[in-house]
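Accompanying notes for the structure given below.
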Amino acid sequence: MSDRKADHDFVRTCKSVATRQSLYVEKLQNHPGAASLDLTQVGSGDEVRVRHLACSPTTCQRLREMGFCENALVTKIRGGADLVCWVCGTRVALSARLAKQILVEHVDGKS
Amino acid sequence: MSQDSPKRWIAVVGNPNAGKSTLFNALTGLRQRVGNYPGVTVEKHTGTAFTLHGEAIELIDLPGMYSMAARSPDEEIAVKVLRGESAGLPKPDAVLCVVDASNLERNLFLVTQVMELGLPVLVALNMVDVAEARGIRLHPDQLSEKLGVSFIPTQAHRGKGLVELRAALGQRLLKPGPRQWTMPPPLAVAVGQIASAWRQSEPSELRAEGKALELLAGSNVGPDGARKLATAWRERFRKEAYDWSASVVHARYEYVRKLLGEAGIGSGKLGGTWTDWIDAVVLHPVAGWTVLVGMMLALFVSIFSIAGYPMGWIDDAFVWIGGVMQGALPAGLFRDLLIDGILAGVGGVVIFLPQILILFFFLGLLEDSGYLARAAFLLDRVMHRVGLSGKSFIPLLSSYACAIPGIMATRTVEDPKDRLTTILVAPLMSCSARIPVYTTLLAAAVPVALVPVWGKAAAMLGLYVLGTGTAFILAWLFRKKLLGGGSPPLILELPPYRMPSFQTVSLRMWERAILFLRRAGTVILALSIVLWFLSSFPNTSDDPTEKLAGSFAGQMGHWLEPILRPLGFDWRIGIGLVASLAAREVFVSTMSIVYHVGGEEEGLVTAMRSATWPDGALIYTPLTCLALLVFYVYALQCLSTVAVAKRETGGWKWPVFMLLYMTGLAYLAAWLVQVVGRGLGFS
């Protein structure tokens with residue numbers, strides 16, 4: 001495979017991934033269904049799947065490292081001004097304004 | 001390994017609160033501080049451990065970290081040691097990863113990163129009892145087979161698994177095999193090219209892939225060609241809006257989940273545990289605050305009620321020693337030095353040891369039970385309003401014990417402005433050194449018999465609330481007006497509760513007692529001797545009051561009096577304020593020397609209550625005592641705090657600012673107390 005073709009393939013893959021990401025965010029923001037929820041809107045005791053993180057890159061990275069990565073299962077233990085979630089076998093406290101930036105969907109598809 | 005071989009250095013790493021320091025203590029016999037909240041260890045510590053065959057190895061206990069991408073100063077320390085970039089320490093020969101068996105998914109995420117360092121790795125599967133209690137079935141053999149590194153089950157706090165761990169450490173540890181997680185396609189191309197460029201410059205480099213990822217993450221260490229390629233790829237990813245770091249985290253977690261699934265290890269059940277039941281109360285918006293305030297009140301009631309008995313015994317002991325000295329020694333300078341200098345100075349402070357131990361007993365319970373992180377959670381809303389995150393509350397709460405560990409604990413705070421603000425306000429939290437001052441002045445302000453225990457406890461709580469409230473207000477001011485920026489969001493791990501360890505709590509109290517007594521036997525003893533000399537010479541009169549007034553200390557006090565008079569303080573208080581610049585508790589020992597009361601607490605309070613101005617008016621009126629209390633709530637009378645603030649902020653600018661603003665605030669607040677008090681008709 002020539003370098004030129006490899007380069008072309010790479011750009012295509014990148015664009016494909018980036019497009020998928022942006023389309024997904026758009027879908028999350030516009031779709032009235034289950035996928036448009038953020039973590040504050042979920043009831044206590046509900047299990048949800050993380051679909052997208054919409055915070056600053058540094059915060060996103062720390063959230064991912066602590067288990068809140070895309071597709072991870074999270075159970076909200078306690079709501080209110082700040083939240084407590086169960087993720088990767090531990091309880092993690094999050095401020096509500098951060099929880100608003102974690103977009104999720106119910107695992108059983110309920111809204 | 002032969003006797004002549006150099007010692008092997010093994011780094012102990014893992015997620016926060018995985019039990020690293022507990023395991024380190026168990027292996028080395030040392031007593032590093034442990035606790036049940038993330039961020040107890042903020043500094044590297046070394047200690048010697050022995051393998052089963054008697055080989056000595058050097059263990060390096062490191063602060064906890066969630067990943068190799070350091071985001072706070074404590075994590076930076078750990079990463080630098082692992083990369084061999086830490087001054088004064090060699091690059092580790094191997095890594096002992098301590099993982100929390102009840103939380104394997106996230107802990108193994110870090111292990112996959114550590115394995116890419118190219119060092120031999122051994123994994124201590126710690127807290128297996130907690131995992132089993134949560135219904136998690138562990139299969140260490142399968143984990144070892146699949147990950148290619150040895151897993152040793154341990155319960156560090158009970159000393160279980162240590163024999164197996166020592167045996168494993170004595171064997172030749174294997175380097176991990178090649179990467180097993182699948183790199184996402186766009187990134188694989190970049191990493192392949194950068195790693196290839198690295199190998200062209202350094203053909204012997206075995207972990208070029210891992211280093212290529214580090215270069216992409218922003219590291220500057222590597223051959224020119226590889227570095228330029230990494231910069232170009234980073235730029236390209238940015239233009240293409242491709243979040244490569246997210247895809248790496250995702251790929252690692254996918255791999256770990258698959259691995260755990262194949263090994264038949266679940267994540268345990270949620271709910272129905274003690275932790276859930278206790279959290280339902282202590283995290284409740286109303287009940288939680290009631291519990292917090294109730295605990296603080298219980299602490300202060302204990303300080304005045306329970307501590308009263310041992311304080312009385314110490315008081316009696318010093319009175320007896322003074323009496324023996326008085327009878328046994330001939331009158332003269334030497335007897336004066338022993339009774340009026342050393343016994344008064346040291347005894348006046350040592351008497352408060354029981355109160356300080358009670359404070360540390362309560363703090364130990366909070367730290368070891370897991371409640372501390374809950375208090376931070378509860379206070380996050382308040383902290384957010386003043387521009388800080390709840391995470392800053394843990395260093396602030398530590399400052400109730402002493403501002404020095406409190407300031408060091410700010411290393412866990414990721415945001416630099418958040419950290420600086422926390423450092424600047426931490427000394428406003430009333431530390432244990434203020435207890436002797438508060439107790440003495442409260443007793444001088446109101447006759448002891450007239451105030452019930454709960455009244456004194458409430459007054460003490462009020463002083464703590466005053467310091468804490470002012471710290472929050474100033475944090476808001478510094479954050480909004482001086483440093484700028486918004487408050488960072490709270491992300492904090494809440495550990496499961498556990499029964500506080502009697503050994504851990506009593507060890508903390510013991511260490512504090514030794515530190516306090518050592519300080520009394522060194523700094524306070526030395527200052528007492530100096531102060532006795534300054535208050536005894538030149539000897540201008542036989543009358544004790546005139547003699548003190550004419551002494552060097554008296555002259556200095558008189559020189560200060562015009563500055564202190566608006567606050568209601570006389571020249572003798574001035575001597576106490578200057579002497580306690582080094583450490584707050586020296587105020588009490590100084591006043592004991594100034595009023596010639598030996599080591600008796602009651603004697604000092606009586607002397608202070610009867611002290612008068614030249615016109616016969618009482619000096620220690622309730623209003624003046626209140627002004628003096630407020631002064632000590634705010635003043636930075638601690639040179640050690642200034643020194644540690646200089647080290648943590650990297651220069652003199654902020655410690656000098658801290659000293660100036662706290663001294664100015666103390667003066668202004670004490671003056672306001674006098675002005676407002678007199679305006680309201682108090683004297």
Side-chain angles (χ1 to χ4, degrees), chain A residues 3 6-7 9-22 44-45 47 50 52-53 55-73 75-102, chain B residues 17 66-67 69 71 100 102-107 109-110 131 134 136 184-186 189-190 236-237 239-243 245-247 249-250 252-254 257 267-268 270-271 275-276 279-280 283-285 373-374 376-378 380-381 384 389-390 414 487-496:
Chain A
D3 284 352
D7 205 46
D9 286 350
F10 169 74
V11 171
R12 210 173 53 184
T13 316
C14 269
K15 280 189 173 163
S16 161
V17 172
T19 308
R20 276 206 308 272
Q21 285 173 348
S22 61
S44 294
E47 188 178 38
V50 177
H52 183 71
L53 303 177
C55 35
S56 72
T58 317
T59 310
C60 278
Q61 193 67 1
R62 177 40 49 107
L63 278 173
R64 287 188 186 108
E65 288 164 359
M66 291 189 75
F68 287 90
C69 53
E70 288 79 354
N71 283 333
L73 292 175
T75 304
K76 184 168 161 183
I77 300 176
R78 169 172 289 277
D82 286 345
L83 290 83
V84 180
C85 297
W86 176 263
V87 63
C88 288
T90 52
R91 291 168 187 78
V92 178
L94 296 173
S95 53
R97 63 200 166 104
L98 182 58
K100 279 189 201 312
Q101 297 166 337
I102 302 175
Chain B
N17 217 35
Y66 289 109
S67 87
R71 291 202 167 71
D100 175 355
S102 66
N103 177 15
L104 275 177
E105 194 172 323
R106 205 192 58 210
N107 280 250
F109 173 83
L110 176 66
R134 285 220 338 242
I136 300 170
V189 179
R236 190 166 175 179
F237 286 146
K239 277 186 186 160
E240 302 292 345
Y242 173 60
D243 191 347
S245 57
S247 61
V249 176
H250 194 253
R252 282 187 201 276
Y253 265 116
E254 285 293 316
R257 281 185 202 125
S267 60
L270 168 68
T275 297
D276 296 303
D279 273 352
L283 297 183
H284 188 272
R374 271 75 182 181
F377 172 83
L378 212 56
D380 181 61
R381 279 184 79 183
H384 172 55
S389 85
E414 290 140 22
S487 66
L490 175 77
I491 316 173
L492 182 68
E493 190 179 337
L494 303 179

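Reminder, nothing fancy here: chain letters follow the sequence lines and each chain counts from 1.
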On a heavy-atom basis, the closest approach of B/F377 and A/L83 is CE1-O, 3.5 Å
Work out which heavy atom in A/M66 is nearest to a heavy atom in B/Y253; give both atom names and the distance.
C-OH, 3.9 Å
With a 4.5 Å limit on heavy-atom distance, are the side chains of [X] and [Y] in contact?
{"X": "A/V92", "Y": "B/I491", "answer": "yes"}
{"X": "B/L283", "Y": "A/D82", "answer": "no"}
{"X": "B/F109", "Y": "A/C88", "answer": "no"}
{"X": "B/T275", "Y": "A/R91", "answer": "yes"}

Is it the case that the side chain of B/R106 and the backbone of A/T90 share a donor-acceptor pair, with hydrogens and angles ignored and the cut-off at 3.5 Å?
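Side chain of B/R106 to backbone of A/T90, a donor-acceptor pair under 3.5 Å: no, none is there.
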Does any backbone or side-chain atom of [X] lie under 4.5 Å from a heavy atom of chain A? Answer side chain, backbone, both or neither.
{"X": "B/A373", "result": "neither"}
{"X": "B/S102", "result": "backbone"}
{"X": "B/A376", "result": "neither"}
{"X": "B/D100", "result": "neither"}

Salt bridge (charged side-chain N to carboxylate O under 4.0 Å, His left out) with B/R257: which residues, sequence neighbours excluded?
B/E105, B/E254
Residues in salt bridge (charged side-chain N to carboxylate O under 4.0 Å, His left out) contact with A/R64, at least two apart in sequence or another chain:
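By the salt bridge (charged side-chain N to carboxylate O under 4.0 Å, His left out) rule, A/R64 matches A/E70, B/D243.
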With rounding to the nearest 0.5 Å, note down the distance linking CZ in B/R71 to CD in A/E65.
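If I round to the nearest 0.5 Å, the distance is 4.5 Å.
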Toward chain B, the part of A/T58 with a non-hydrogen atom under 4.5 Å:
both
Taking side chain as everything from C-beta outward and backbone as N, CA, C, O, which of these in A/A72 sits under 4.5 Å from a heavy atom of chain B? Side chain, backbone, both or neither.
both
